[in-house]
Amino acid sequence: DLTPMISGNLVICSGGSTQLDAGPGYSSYQWSTGEMTQDIIVSTAGTYSVTITDGSGCSGNTSVNVSVFPSPMPVISGNTSFCPGGSTQLDVVPAYSSYQWSTGESTPTITVSTAGSYSVTVTDANGCVGMTTINITQNPSPTISISGPTDICANETATLTASAGF
């Protein structure tokens, strides 16, 4: 009996794929997927088996289990707006192995003081990658007006009223 060895990455990230190779030198290959080549590309979790036959007609089979890890789904939290001259802090949750912001920073938390779109790409402990984006706006400065008398006589008082609008 022949005992083939299937090589290839047996753990992949969602949306990814791996090449399973039964090894060279056999006269025929029959995979559980129906393919009849030395190697196959798979992108779903499951058990994959192959039966090989050599030139003498001897055959053997083996199988492997491929696992698929889900892609990370990071969430950016923080205020999505700030006042002129201010800033807002953006945090990524949950925690990941690495971070890469569109600003070039590589920390889980950044502070931004410019309106715009900010994205972060994260890598989890399994090496899987996920990305998300958030839009940050700058609130307009309020318009303040004061009404009331502008001239008063000595020893008199006046009432001034202030109002603000956006």
*side chain to side chain contact (heavy atoms under 4.5 Å, CB included) evaluation trace for S119 with M131*: CA-CA 7 Å; S119 62; M131 195 265 297; 3.8 Å; yes
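- Scanning both residues, V68 and S43, for their nearest heavy atoms gives CG2-O, 4.2 Å.
- Within the hydrophobic cluster formed by Ile, Leu, Val, Met, Phe, Trp and Tyr side chains joined at under 4.5 Å, directly or through other members, V93 is accompanied by V75.
- A heavy-atom distance below 4.5 Å is not found between the side chains of N126 and V11.
- Contact check for N61 versus I52: no side-chain heavy atoms found under the 4.5 Å cut-off.
- Of the possible donor and acceptor atoms, none in the side chain of S87 sits under 3.5 Å from a partner among the backbone N and O of S113.
- Each ring-ring contact (aromatic ring centres under 6.0 Å, His included) pair with one or both residues in residues 38-90, not counting sequence neighbours, would appear here, but there are none.
- In terms of the side-chain hydrogen bond (donor to acceptor under 3.5 Å, both in side chains) criterion, N79 has no residue partners (sequence neighbours excluded).
- Here T159 contributes atom OG1 and I152 contributes atom CD1; the two are 10.0 Å apart, rounded to the nearest 0.5 Å.
- Taken together through direct or relayed side-chain contacts under 4.5 Å among Ile, Leu, Val, Met, Phe, Trp and Tyr, L10 and V50 form part of one hydrophobic cluster.
- The side-chain contact (heavy atoms from CB on, under 4.5 Å) search around T47 returns S63, N65, not counting sequence neighbours.
- Y118 is listed as a side-chain neighbour of I136, based on a closest heavy-atom distance under 4.5 Å.
- Taking CG of L90 as the start and CD1 of I76 as the end, the distance is 6.5 Å to the nearest 0.5 Å.
- The minimum heavy-atom distance linking P74 with V92 is given by the pair CB-CG1, 3.9 Å.
- Checked against side-chain contact (heavy atoms from CB on, under 4.5 Å), S97 has the following partners two or more places apart in sequence or in another chain: A125.
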Result block: side-chain N/O donor-acceptor pairs under 3.5 angstrom for residues 13-31, not counting sequence neighbours:
residue : atom : partner : partner atom : Å
T18     : OG1  : N9      : N            : 3.2
T18     : OG1  : N9      : O            : 2.8
Q19     : NE2  : D39     : OD2          : 2.6
D21     : OD1  : G23     : N            : 2.7
D21     : OD1  : Q38     : NE2          : 2.9
D21     : OD2  : Q38     : NE2          : 3.3
S27     : OG   : T53     : O            : 2.9
S27     : OG   : D54     : O            : 3.0
S28     : OG   : T53     : OG1          : 3.3
Y29     : OH   : G23     : O            : 2.6
Y29     : OH   : Y26     : N            : 3.4
W31     : NE1  : T37     : O            : 2.7

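- In this structure S77 satisfies the side-chain contact (heavy atoms from CB on, under 4.5 Å) test together with D91, sequence neighbours excluded.
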*asked:* Between V129 and V122, is the side chain to side chain contact (heavy atoms under 4.5 Å, CB included) condition met? List the steps.
replied: CA-CA 6 Å; V129 176; V122 299; over 6 Å; no
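- T103 meets the side-chain hydrogen bond (donor to acceptor under 3.5 Å, both in side chains) test with E105; sequence neighbours excluded.
- Residues satisfying the side-chain contact (heavy atoms from CB on, under 4.5 Å) test with N135, not counting sequence neighbours, are S117.
- Between T62 atom OG1 and M5 atom CE the span is 8.0 Å, to the nearest 0.5 Å.
- Separating the CD1 atom in I12 from the SG atom in C128 is a distance of 9.0 Å, to the nearest 0.5 Å.
- Considering all non-hydrogen atoms of both residues, P84 and P140 come closest at CG-C, 4.3 Å.
- Residues satisfying the side-chain hydrogen bond (donor to acceptor under 3.5 Å, both in side chains) test with T107, not counting sequence neighbours, are none.
- Applying the side-chain hydrogen bond (donor to acceptor under 3.5 Å, both in side chains) rule to S98 yields the partners T123; only residues at least two apart in sequence or on another chain are considered.
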